[in-house]
Amino acid sequence: MKLAQRLARVAGLLGLAAAVLFSAPLAAKTFRFANQGDVVSMDPHSLNESFLLNFMGNVYEPLVGRGKNLELIPLLATDWKQTAPTVWRFNLRKGVQFHDGAPFTADDVIFSYRRAQADGSDVKTYVQEIAEIRKINDHAIDIVTKAPFPILPDVISLWYMMSKDWSEKNRAVNPVDRRKGTENTASFKANGTGPFRLRAREPGVRTTLSRNFGYWGNAQINTNIEEVVFTPIGNAATRVAALLSGEIDMMEPVPVQDIPRLRANANLKVMEGPELRTIFLGMDQSRDELLFSNVKGRNPFKDKRVRQAFYQAIDINAIQRAVMRGAATPTALMIAPGIRGFAADMNKRLPFDPEAARRLLAEAGYPQGFEVGMDCPNDRYVNDEEICKAIVPMLARVGVKVNLTAQTRATYFQKILSRNTSFYLLGWTPGSYDSHNPLNALMATPDTKSGRGQFNLGSYSNKRLDDLTAQIAVEIDAKKRDAMIREAMQIHSDDVGHIPLHQQALAWGMKRNVETVQLADNFMFLKWTVLK
């Protein structure tokens, strides 16, 4: 080959390589991921469920958010400070636009506050302590709390801002009420300020997001994703097969039995870590007669001996070993290590003791046991249905026949949030990473007006715990506050208000070219996700 020809060929190859190099960044990066269940709504105020809040946290934003170490960071507010014991001044970020181009202002914050506290809202707990919000100007507000509330910034980190004008124009002023099964425009459409915008919504099939190139914080984030395709895949084997075949880039959760298999695949990796979520059982303790039981004229769960019998009939170590395959940590408390107020010395479960359980049932007047219905999701927590299936024969051993109903999260949450249940399994991660959150939301006596006890679905009640929860909210002295948290947790444990089971472990499966941040609250933000 002559020199001129060789040079021409080299030049051609270099030109081709340059074309590839310079065209690569322009090619759209599509990220495909799957979960065992669907996002049940696009309305960020419709369900206080971490997967919905996580997914919609890519579209909507709060005033105050969380960083890569779960530390508080400014988002739609640039800074905040207490100007009086019950007043917090928040300066709002200027130049922020909703996806429809409308500016974000103080009016949107005030609207989002009213919407979050309205009938049907499932996020009342985040704004429960707020008395009012005063507009200083378009980019400054004062949040006035009912009493001194030192953890306000922590509590509002999952309260998302919605556009007042868009909601009014689209008849979405009121939140979607999951308990009643109602829908409105916000169920299927979205207009946030976040780094991704909703492009298409097909419930139960797929949800597609696209990059918001007008995002105010594009210079501060790290992602090359331009399109996101989320697909709910309920069957665990099908979900794993989709990852192995390359149909999806990531899946969550990885079935515990498949973790070694995915680890061994050279093209895949598994990210694992502890989760702050506690899985527990709740019992209807308010009705005079259970909705789903063969016991008539009385409610067995009003008797602490029955609740304790259920507790001691459950072999949590067997569940950890056989169902969770070690990917869970048994607990005696409703909070995990890492939550402010956790006391390790209190984390001691009652012993597994079927004989003691039978004696307690007999003492309570049920020597032959009884029947009760149990509600359980089958696509929300790690091995949720399998946990419930394991509990059924354990309770049968002490004479309790459990009639299990396992269903998808959409119908499950609608049922139990309506308190249309006698016995149920639920999981909880405190959004504020503080003990006040589960005390206020899960253990305090329900009060529909304030939102207190909104997720205390069995209506457990103890006046002293209620008083302590109110005091914990306003106490500034850390030692006094921890002592009150300790007392409240002890009261709940002594009452067997709920039956804590375990903290589940995180396991995300993904292709090797996926780089992301795994947070202990099981949130994955697309703004920190890169396809290499």
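Just so you know, these numbers come straight off a predicted model, no measurement behind them.
A donor-acceptor pair under 3.5 Å is formed between the side chain of Asp122 and the backbone N or O of Asn48. Looking only at distances, a side-chain donor or acceptor of Gln36 sits under 3.5 Å from a matching main-chain atom of Tyr381.
In this structure, the separation between CD1 on Ile133 and OG on Ser112 is 8.5 Å, given to the nearest 0.5 Å. From Leu53, atom CG reaches atom CG of Leu47 across 7.5 Å, with rounding to the nearest 0.5 Å. We find the CD-CE distance between Glu515 and Met510 to be 8.5 Å, quoted to the nearest 0.5 Å. To the nearest 0.5 angstrom, Ile485 atom CD1 is 9.5 Å from Thr469 atom OG1.
With His498 as the partner, the ring-ring contact (aromatic ring centres under 6.0 Å, His included) test is satisfied by one option alone out of Phe280, Phe301, Tyr424: Phe280.
Below 30°, between 30° and 60°, or above 60°: for Phe455 and Trp428 the angle between ring planes is between 30° and 60°, a tilted geometry.
If you look at Phe423 and Phe310, their ring centroids are closer than 6.0 Å. Checked against a 6.0 Å centroid threshold, the rings of Phe523 and Phe51 do not count as neighbours.
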Problem set entry | Evaluation steps, side-chain contact (heavy atoms from CB on, under 4.5 Å), between Trp159 and Tyr113 | CA-CA 9 Å; Trp159 167 42; Tyr113 163 62; 3.6 Å; yes
For this session: Start with the C-alpha gap between Phe196 and Tyr215, add the side-chain angles, then the distance that decides, and say whether ring-ring contact (aromatic ring centres under 6.0 Å, His included) holds.
Result: CA-CA 8 Å; Phe196 289 83; Tyr215 178 53; 8.7 Å; no
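Ala186 and Met162 make their closest contact through CB-CE, 4.4 Å (heavy atoms, listed as atom of the first residue, atom of the second, distance). Listed here is the closest heavy atom pair of Arg419 and Leu457: CG-O, 3.5 Å. In terms of heavy atoms, Leu426 sits closest to Phe413 at CD1-CE2, 4.0 Å.
A cation-pi contact, defined as under 6.0 Å to the ring centre and within 45° of the axis, links Lys527 to Phe525. Relative to the six-membered ring of Trp80, Arg89 misses at least one condition, a distance below 6.0 Å or an angle of at most 45° to the axis.
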